[in-house]
Amino acid sequence: MIQLKIGIDIDGTITHPSSCFNYMNKYLGTSIDFEMASEYELHTYTDMGQIEFWEFMVKSGHELGIYRESTPQAFVQKYLWELRQHFDLHYVTARSEIVRPVTEEWIARHELPLDSLIMTGSHDKVQVVRDLSLDLFMEDRLENALQIAEDTSIPVILFDAPYNRKALPENIIRVSSWDEAVQTIYKFAPIR
Ligand SMILES: [Mg+2]
């Protein structure tokens, strides 16, 4: 039997989507209201451009900090171990290779399974979906979900967040919890 292969984003999918905003409010002096956070890109909440912002984050150590202090979504640990019994799980993140150690430490600290971690260093995840022949993807960034759904036609489960609330095509399914996400996966791939 061929196991279904699932690609799983990390930030905002395994981690709670409010994590980054909470970090910025705590350490960078912003006052972002998560429920009103309609922009995905963090630099838009500062007076810096995207490149300048991430250079600052790297140099100041806040890039590591923001990943280290992220909080997991509710029940994600339980459901990842459960899914791993039935499916091949691949974490696919836009984080760069440089932050692999802090990412692996975080995964270990929160006692999540880790079989495969792909760090693309960019938002283009379509190539990974093709290279690994993934059957399903879990994501929170709307643009990624749309690109994967359009270019590969696999179903994408989109974790609801204030910054991704737009109309979706048929093969993108919006969910608001890991419980709902896993029920959706079982509809695509019934477990006997
Ligand atoms: Mg994400």
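We count ligands from 1, going down the list as the structure has it; atoms in each ligand are counted the same way. All figures in this text were calculated on a predicted structure; none of them were measured in a lab.
Looking at Asp11 and the Mg ion (ligand 1) together, the shortest N, O or S contact belongs to O. The Mg ion (ligand 1) sits nearest to atom OD2 when only the N, O or S atoms of Asp9 are considered. Distances from the Mg ion (ligand 1) to each N, O or S atom of Asp140 single out OD1 as the nearest.
Under 4.0 Å is where a charged nitrogen must lie from a carboxylate oxygen, and between Arg141 and Glu41 at least one such pair does.
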Requested in this report: Go through the steps for Tyr79 and Asp179 under the test side-chain hydrogen bond (donor to acceptor under 3.5 Å, both in side chains), then give the verdict.
Outcome: CA-CA 8 Å; Tyr79 283 121; Asp179 183 76; 2.5 Å; yes
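For the residue pair Tyr163/Asp140, the side-chain donor-acceptor check at 3.5 Å is satisfied.
The aromatic rings of Tyr45 and Phe21 lie perpendicular to each other, with more than 60° between the two planes, well past the 30° mark.
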